[in-house]
S.K.: 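One structure is given below, represented as structure tokens, and several questions about it will come after.
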Amino acid sequence: MNQIKVRFAPSPTGPLHIGGARSALFNYLFARHYGGALVLRIEDTDVERSSREYEEEIIASLRWLGIDWDEGVGKGGENGPYRQTERLPVYRQYAELLLEQGDAYYCFCSEETLEEERQAMLAQGETPRYSGRCRHLSEEERASYLAQGIKPAVRFQVPPRQIYVVDDLVRGRVSFESDGIGDFVIVRSDGLPTYNFAVVIDDALMGITHVIRAEEHLSNTPRQLMIYEALHFKRPEFAHISLILGNDRQKMSKRHGATSLMQYREMGYLPEALVNFLSLLGWSPEGEEQIMDIEQIIAAFSLERVAKSPAVFDLDKLNWMNGQYIRRLDVEVLAERVRPFLMASPYRAQVEALSPQHYLWLVAMVKDRLVSLSDVVKQVSVVFEPVSYAADALEVLQNENTPLVLQAFIASLPESLEPEAVKQQLKMIGKQHKLKPRDVFMPLRCALSGQMHGPELPSLISLWGKEESIKRVQHSLEVLAGK
RNA sequence: GGCCCCUUGGUCAAGCGGUUAAGACACCGGCCUUUCACGCCGGUAACAGGGGUUCGAGUCCCCUAGGGGUCACCA
């Protein structure tokens, strides 16, 4: 049986961003749907910009999202090593083969020469591409350059007048003319392979059957096809997925706000919500359900249903979805997930002082009001901050029934308070004094919190307890008297 | 500029020759409710333009326009 094998191959030159996460996710979904394998390979041939820190952050981000792989960095496997800088001898071997076959040649051109050429072609209105000046160097010329200590790069010799066709699994048939492509570097003068060369070697040697990656790589594909051909490697299937755009329809970048996965974690997004949201960017299931857990997404996923057009990242929808996931969590679970945010807030000590029961009441009280986990801090502030009266709340306090309600409240509060019991108590006050619920709750809410709006009043009272609640009411009475 | 890709409501998107052109987010209205929020119900809103092909085109072909990607000894 032909086992499906895909890979995610990030370059550790920055944190994992939204676009990268979606590529990783689609590979993951594809692999899991077909019972195939996912390889994680680190493409760190740009040694200037790559770092272990970024590699670790990328891996941590993938783990946070719940995307796991079967082979590669952090997992091992038969086709390692999985970091490109650890595979240099492999690339060298194939570069030499290409050199021997006459499919590649040494290029001694300096950066300056190259730049001059480029400018000259541009000036003539031509597409800048390598002239091929080092293609046919004689032995003597080569020896002379070498004697001067010039380190050559290796260029692939692009076959003339060829058409390269990709039957892309999402875009359909796409073809390119080789004449539009200049001889490109496959090994830099420092001995490191370039992307277009290393990917091919690795994908072929690692047995990758499907290359699923972002659309920006589509125009690299013909170069890679040339190498597959020259090396007689079996080429994989390709699937180029569209880009994720910012609000301005430009490719997502830092100026669109948060782009790294870790930022989303810090902002309080749930990984399962983010995964659900990302899966719906550029892909859609057959049904109409939007909220799907990872197993459902895996079961429904297919490349046939991946869209060709780019998708704008819609934060409103992510926020909605995150809220959906939060509301579906059990209070006990939510309580734990929200805890780190409270521990990092100014209310840390006060939260720690809460009994387990009170802590659960606190979380239950704000559960339906959260868009993100970090919102908990703001939502909970009314409990811990000192009262300050809003203008509209003060007006409510001036109402003629207010003193009556407040006195009744003070007089009727039992020792132990549980939200449901408090609620019944408040309703009772209304009954006794023939007041509508609203005429009981509003004055109390304003007196206790100083605000017209906020979380369930009974829960607030439960959290404050008898002493604090009465203190707050009395304080409001003093404020009223002083007016 | 060359090459390549894309184009259904503000956004994500279904549709794969015949539909009253789904659904979701956002927005607006109503209901529920002590308030806000949640939830529920309802509403506004789209096939970029022009030519073909066809009995019939959002769906197929061509052109135009717009958007994007790529043309590195970065990936």
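Order of the sequence lines sets the chain letters (A, B, ...), proteins ahead of strands, with each chain counted from 1. Computation of the quantities below employed the complete heavy-atom set of this structure, encompassing side-chain atoms and omitting hydrogens, waters and symmetry-equivalent molecules.
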S.K.: Kindly assign one of parallel, tilted or perpendicular to the pair A:Phe301 and A:Trp283, based on the angle between their ring planes and the thresholds 30° and 60°.
M.R.: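 Ring orientation of A:Phe301 relative to A:Trp283: tilted.
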
S.K.: What parts of residues 271-289 of chain A reach RNA chain B, counting only heavy atoms under 4.0 Å away?
M.R.: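 Within this stretch, A:Leu280, A:Leu281, A:Gly282, A:Ser284, A:Glu288 sit under 4.0 Å of the strand.
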
S.K.: What are the atom names and distances for every N/O pair under 3.5 Å that joins the protein to nucleotides 1-8 of chain B?
M.R.:
residue	atom	partner	partner atom	Å
B:C5	O2'	A:Arg171	NE	3.0
B:C5	O2'	A:Arg171	NH2	2.6
B:C5	O2'	A:Glu215	OE2	3.3

S.K.: According to a 3.5 Å limit on both distances, what stems of 3 or more consecutive Watson-Crick or G-U pairs are formed with RNA chain B?
M.R.: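 Runs of three or more consecutive pairs: B:1-7 with B:65-71, B:10-12 with B:23-25, B:27-31 with B:39-43, B:48-52 with B:60-64.
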
S.K.: Is the A:His210 to A:Phe30 ring centre distance short of 6.0 Å?
M.R.: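 Yes - the distance between ring centres of A:His210 and A:Phe30 falls below the 6.0 Å cut-off.
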
S.K.: Between A:Phe108 and A:Tyr106, what is the ring plane arrangement, given parallel below 30°, perpendicular above 60°, and tilted in between?
M.R.: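 It falls in the tilted class, 30° to 60°.
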
S.K.: Establish, with yes or no, whether the OP1 or OP2 oxygen of B:C36 is under 4.0 angstrom from a side-chain nitrogen or oxygen of A:Arg438.
M.R.: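 So the side-chain polar atoms of A:Arg438 never come under 4.0 Å of the phosphate oxygens OP1 or OP2 of B:C36.
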
S.K.: Within the sub-3.5 Å range, which N or O atoms of nucleotides 47-49 of chain B have a protein N or O partner, and how far apart are they?
M.R.:
none

S.K.: Which residues in residues 181-192 of chain A have a heavy atom closer than 4.0 Å to any atom of RNA chain B?
M.R.: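 Those residues are A:Val185, A:Arg188, A:Ser189.
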
S.K.: With nearest nucleotides of RNA chain B determined for A:Ala153 and A:Phe313 from heavy-atom distances, which residue corresponds to the more 5′ nucleotide?
M.R.: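 Result of the comparison: A:Phe313.
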
S.K.: Regarding A:Asn319 and A:Tyr269, do their side chains bring together a donor and an acceptor under 3.5 Å, going by distance alone?
M.R.: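 There is such a pair (donor and acceptor under 3.5 Å, judged by atom type) between the side chains of A:Asn319 and A:Tyr269.
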
S.K.: Both A:Pro455 and A:Glu111 contact RNA chain B. Taking the nearest nucleotide for each, which residue is further toward the 5' end?
M.R.: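 Nearest nucleotide further toward 5': that of A:Pro455.
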
S.K.: Using a 4.0 Å heavy-atom cut-off, does A:Met442 contact any base of the nucleic acid, only the sugar-phosphate backbone, or nothing at all?
M.R.: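 Touches sugar-phosphate only.
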
S.K.: OP1 or OP2 of B:U34 sitting under 4.0 Å from any side-chain N/O of A:Lys427?
M.R.: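 Answer yes for this pair, as a side-chain N or O of A:Lys427 is under 4.0 Å from OP1 or OP2.
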
S.K.: Check nucleotides 39-43 of chain B for protein N or O atoms closer than 3.5 Å to its own N or O atoms and list the pairs.
M.R.:
residue	atom	partner	partner atom	Å
B:G39	OP1	A:Gln324	NE2	2.9
B:G39	OP1	A:Arg327	NH1	3.3

S.K.: Between P on B:U35 and CG on A:Asp439, what's the gap in Å once rounded to a whole number?
M.R.: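 Roughly 11 Å, once rounded to whole Å.
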
